[in-house]
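Note on naming: letters A, B, ... go to the chains in the order of the sequence lines (proteins, then strands), and numbering restarts at 1 for each one.
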Amino acid sequence: HIRYPLVDDPHTALTVATTRPETMLGDTAVAVHPDDPRYRHLIGRKVRLPLTSREIPIVGDSILVDLEFGTGAVKVTPAHDFNDFDAGERHKLPRLSILDYEALLDLKGMNAAAVEESVIRDVVQLPVTKARPKIELLLRDSGFLVKIEDHKMAIGKCYRCKTVVEPYLSPQWFVKIKPLAEPAIQAVEDGRIRIIPEGWTNNYLGWMRDIKDWCISRQIWWGHQIPAWYCRPCNTEIFIVKGASGRQHEHLYISPNAIPIVCRSKPEKCSKCGSTDLVRDPDVLDTWFSSALWPFSTLGWPEQTPELKTYYPTSTLVTGLDILFFWVARMIMMGLKFMGDVPFRDVYIHALVRDAEGQKMSKSKGNVIDPLHVMEQFGTDALRFTLASMASPGRDIKLAEERIEGYRNFANKIWNAARFAHMYLADKHDSQPPDDRSFPGLWIRSRLNDTIRIVTMELEAYRFDRATSALYQFFWHEYCDWYLELIKPVLQNPLHPQGPATRRTLQDTLEVFLRLLHPFMPFISEEIWQTLPHKGETIVTQPYPLTQTDWHDSSAEETFRLFEQSIGLFRTARVLLSYPPGKEVRVFVVHEEPAANETLGRLELDLAHLGRGRISPIPLSQWPTSNVLRLFTGGVTVGVAVEGDVDLKKALDRLVKQTEETDKESQRLDGKLNNADFVSKAPPEVITDHQDRLRALSRDRAMLTSSEQQLRAMLGA
RNA sequence: GGGCGGAUAGCUCAGUUGGCAGAGCGCCACCUUUACACGGUGGAUGUCGCAGGUUCGAUCCCUGUUCCGCCUACCA
């Protein structure tokens with residue numbers, strides 16, 4: 001806290017607080033809040049700035065000054081603080097730079113700021129951290145220091161060397177941004193550019209509407225050098241500054257008043273004085289300025305090349321949210337300005353892969369997961385598939401190893417399925433194989449067709465996560481779990497009449513699946529595809545699968561649902577009876593609806609194969625009443641013969657539990673249907689749906705009861 | 001400080017005209033059956049962050065709140 005005494009009343013003083021006392025040498029005003037009863041009468045009067053011979057005004061500023069904070073009086077240093085700079089603009093204050101470009105206390109600057117000779121001698125050429133205690137001491141000795149307090153605050157540092165940033169005035173190049181931003185806002189508002197997911201659109205628009213003029217000059221080595229030259233004779237204030245003692249580099253000082261010559265290449269001479277002594281501005285362009293030109297500068301612009309005509313604008317830009325503003329917005333502005341058209345139609349904002357703690361990966365932070373390492377461990381296809389599967393919109397990815405491992409297993413599954421197919425395809429050359437009209441063939445083509453539909457749709461919607469899940473579900477849980485199992489009896493019998501047709505379907509569906517998978521797992525799909533009969537050199541150039549209406553077969557899909565239910569019950573029964581997997585037993589199956597029952601009859605061989613049993617095709621009424629475990633679900637009843645010394649307790653527990661669940665659900669539905677409000681206000685289709693479910697449940701209940709009674713009888717016997 | 005997003009099974013995450021809560025991994029039991037144990041079959045598992053509100057009915061819509069994350073600005 002420092003006292004700034006009033007000029008016309010030295011016994012009265014304003015006390016300002018600062019965390020950077022050394023910058024007081026460059027103060028050009030003290031600000032108070034215009035509504036502050038403590039100080040508002042002082043606005044317009046002057047204080048004497050300690051350690052200098054200057055007098056500075058007291059100004060009223062409601063933006064800079066927070067009534068509640070500090071002492072209520074703020075020192076204003078326009079040359080070394082962003083907020084103070086703005087306040088200086090508002091009050092037309094001079095800007096006194098007392099630091100040089102290396103943030104050392106500057107002799108010239110302090111002289112211009114009328115700093116006392118003795119003070120200058122103490123602090124000249126010192127870095128801020130060393131000057132600060134000296135200033136404190138000087139203030140204390142001269143009685144201006146009120147007190148020192150600890151103060152916690154956030155402070156800007158260099159991202160690389162962590163040095164505290166000292167704001168400093170210097171001439172820089174700026175782009176006047178509003179005329180560029182407005183067309184870029186328009187392009188998104190009227191839909192010429194679509195941002196996906198849509199939620200980020202408001203972020204973009206908000207940022208663009210509030211955009212500030214763009215400082216495009218950088219004092220770094222790499223980059224496009226700014227195309228501006230200065231004539232030395234016309235600009236005498238341009239000179240080389242030697243680095244401070246112990247420092248190697250030199251610094252070209254260009255005064256704010258210097259007049260640049262901007263042209264594409266170095267001019268021969270100054271147009272004013274004819275001198276050839278020209279020096280180029282050493283600054284380079286902001287990386288993002290150069291990058292903003294990328295959509296057309298990479299295609300030969302400003303020449304009207306065929307590439308430029310073909311690829312500008314492009315369809316989709318894929319990028320991370322972190323550079324939506326830095327890069328995307330600026331490409332849009334530059335594209336509209338120089339090409340007169342948007343650079344791309346869709347901007348897909350993908351998720352950011354974060355580390356285990358959810359931190360953004362960054363080279364300078366050093367928390368980067370090396371993809372090469374992950375690829376070595378799990379495979380490139382697995383990593384790629386994982387990233388696609390986790391690309392849900394609006395959510396970042398915390399890379400989880402288990403997921404990658406799971407998809408490594410998926411790749412392995414595909415590999416083994418292909419090996420299986422080759423066992424039966426390798427030396428078979430079926431000429432003109434007949435169309436496959438079998439249940440497994442019709443069903444799997446229908447499912448593949450639906451998978452093509454879903455994957456295509458999700459790709460168009462940029463829902464890579466849903467696309468991968470459809471591929472995974474289809475291949476593992478339909479193609480491998482059911483289709484390959486179903487066709488084994490046909491394949492394993494070399495003389496089977498269905499052989500050629502089945503092999504054709506096997507080969508066709510695998511080939512189509514590989515093309516569908518290819519964008520997600522490029523390597524394994526290519527590798528396997530090459531081993532199948534194929535046209536063309538590589539899968540990369542093959543057409544992406546299209547849905548085929550003649551593959552769609554809702555009847556086969558309905559049949560499959562019955563089949564799956566029945567097999568599920570067979571398997572459950574076997575586990576309940578603790579039968580070993582290989583044991584062949586007598587099984588029964590029946591459906592309460594005649595049509596479905598007939599369908600099951602046609603599936604007898606398939607049921608026997610996957611159920612590992614001998615099917616007894618007899619109606620329910622003729623089933624044995626003892627030594628059969630009966631299970632039931634959704635219209636299907638299956639029976640499995642009870643043989644040998646088995647514990648029926650597990651089976652009974654299951655039936656009891658299923659009965660309880662059925663009752664609970666029935667009560668819930670019944671309760672809703674007896675609620676007058678529900679019946680009068682819910683939509684009719686919901687009510688009929690509830691009624692249907694309740695009816696089905698009560699049928700289930702009857703079957704369960706009879707099955708349970710039989711089982712209890714068997715237990716009692 | 002401002003803005004945005006998240007919170008759902010042990011873990012990582014899906015889940016929209018509001019109407020039966022899901023996947024993968026993990027877990028439990030059984031299985032070396034001729035593509036695959038990086039596998040097969042069966043199974044268990046949820047106050048959908050918390051509190052209100054709207055509704056016949058809320059994981060879903062509204063309000064408030066807690067915790068976590070991100071972006072952005074930064075207080076003399």
Side-chain angles (χ1 to χ4, degrees), chain A residues 1 16-20 23 30-31 64-66 68-77 81-84 151 153-156 199-200 202-203 206-207 210 321-322 324-325 352 354 357-360 378-379 382 386 389-390 392-424 463 465-466 468-469 472-473 476-477 480-481 484-485 488 492 567-568 570-576 578-582 610 612 650 654 665 668-669 672 675-683 685-687 689-690 693 697:
Chain A
H1 293 241
V16 302
T18 178
T19 56
R20 298 193 300 152
T23 62
V30 172
L64 183 66
V65 182
D66 180 351
E68 311 291 318
F69 197 86
T71 61
V74 187
K75 64 194 268 310
V76 183
T77 323
D81 183 280
F82 291 101
N83 288 320
D84 291 8
H151 180 71
M153 56 185 263
I155 197 164
W200 299 119
N202 280 339
N203 261 33
W207 190 81
D210 195 32
L321 180 68
D322 51 340
L324 179 62
F325 308 130
L352 242 46
R354 299 183 181 278
E357 279 84 45
Q359 299 282 312
K360 183 175 153 184
F378 298 110
T386 306
S389 79
M390 299 187 86
S392 304
R395 184 155 188 156
D396 283 340
I397 295 172
K398 275 193 274 176
L399 203 54
E401 207 166 81
E402 309 83 65
R403 285 286 286 264
I404 310 174
E405 195 179 354
Y407 292 125
R408 185 270 316 262
N409 295 353
F410 181 51
N412 190 54
K413 188 79 176 172
I414 297 167
W415 184 256
N416 281 306
R419 276 181 53 215
F420 171 80
H422 274 301
M423 283 170 48
Y424 301 102
R463 287 304 302 261
D465 57 329
R466 291 185 184 165
T468 56
S469 127
Y472 185 97
Q473 167 65 25
W476 199 311
H477 297 303
C480 290
D481 285 356
L484 295 185
E485 294 303 327
K488 273 180 183 174
Q492 284 164 358
I567 295 295
F570 282 146
R571 288 170 171 168
T572 305
R574 299 184 69 106
V575 169
L576 290 175
S578 303
Y579 285 165
L610 286 194
R612 289 178 198 264
K650 269 198 292 184
R654 153 137 182 155
E665 179 67 3
R668 199 181 67 85
L669 291 174
K672 283 178 87 170
N675 181 334
D677 282 333
F678 175 72
V679 178
S680 62
K681 289 179 181 168
E685 60 271 20
V686 172
I687 294 172
D689 174 67
H690 277 53
R693 270 156 53 198
L697 284 170

Distances for protein N or O near nucleotides 7-12 of chain B N or O, under 3.5 Å:
{"residue": "B:U12", "atom": "O2", "partner": "A:R403", "partner atom": "NH1", "Å": "3.3"}

Which residues pass the side-chain contact (heavy atoms from CB on, under 4.5 Å) test with A:R408, sequence neighbours left out? A:F378, A:A382, A:E405
Those residues at least two apart in sequence (or on a different chain) that pass side-chain contact (heavy atoms from CB on, under 4.5 Å) with A:S578 are A:K650
What residues form a salt bridge (charged side-chain N to carboxylate O under 4.0 Å, His left out) with A:R654, not counting sequence neighbours? none
So A:R20 and A:D81, do their side chains get closer than 4.5 Å, heavy atoms only? yes
Select base, sugar-phosphate, or nothing to describe what A:F410 touches, counting heavy atoms under 4.0 Å on all strands. nothing
From the set B:G15, B:C38, B:A35, return the single nucleotide nearest to any side-chain atom of A:R463. B:G15
All ring pair (Phe, Tyr, Trp, His ring centres under 6.0 Å) counterparts of A:F410, not counting sequence neighbours: A:F385, A:Y472
Name the closest nucleotide to the A:N412 side chain, picking from B:A35, B:C74, B:C38. B:C38
What's the closest nucleotide to the side chain of A:N83 if the choices are B:C74, B:G19, B:C20? B:C74
Under 4.0 Å, heavy atoms only, any strand: does A:E485 hit a base, just the sugar-phosphate, or nothing? base
Touch check for A:L64, heavy atoms < 4.0 angstrom, all strands: base, sugar-phosphate only, or nothing? base
Could you check whether A:G72 gets within reach of a base, just the sugar-phosphate, or nothing at all, counting any heavy atom under 4.0 Å? base
Check ring pair (Phe, Tyr, Trp, His ring centres under 6.0 Å) between A:W207 and all other residues, then give those that pass, not counting sequence neighbours. A:F325
In which stems does RNA chain B show up, taking only runs of three or more Watson-Crick or G-U wobble pairs whose two distances fall under 3.5 Å? B:1-7 with B:66-72, B:10-13 with B:22-25, B:27-31 with B:39-43, B:49-53 with B:61-65
For A:K681, check side-chain contact (heavy atoms from CB on, under 4.5 Å) against everything at least two apart and list the hits. A:D677
Closest listed nucleotide, where the reference is the side chain of A:Y424 and the choices are B:A35, B:C25, B:C38: B:A35
Pull out every protein N or O sitting under 3.5 Å from an N or O of nucleotides 55-61 of chain B, one pair per line with the distance.
{"residue": "B:C56", "atom": "OP1", "partner": "A:K681", "partner atom": "NZ", "Å": "2.5"}

What's the gap between B:G10 and B:C67 when it is taken at their P atoms, as a whole Å value? 23 Å
Applying salt bridge (charged side-chain N to carboxylate O under 4.0 Å, His left out), can you list everything that pairs with A:E665, at least two apart in sequence or on another chain? A:R668, A:R693
For A:D84, report the nucleic acid contact type (base, sugar-phosphate, nothing); a contact means any heavy atom under 4.0 Å. nothing
Pairs: protein N or O with nucleotides 40-44 of chain B N or O, under 3.5 Å:
{"residue": "B:G40", "atom": "OP1", "partner": "A:K413", "partner atom": "NZ", "Å": "3.1"}
{"residue": "B:G40", "atom": "OP1", "partner": "A:W476", "partner atom": "NE1", "Å": "2.5"}
{"residue": "B:A44", "atom": "OP1", "partner": "A:K657", "partner atom": "NZ", "Å": "2.7"}

Given RNA chain B, 5'-ward residue of the pair A:D465 and A:R668, judged by closest heavy atom: A:D465
What distance, rounded to whole Å, do you find between the two P atoms, one in B:U33 and one in B:U41? 16 Å
Of all residues at least two apart in sequence or in a different chain, which pass the side-chain contact (heavy atoms from CB on, under 4.5 Å) check with A:P683? A:E685, A:V686
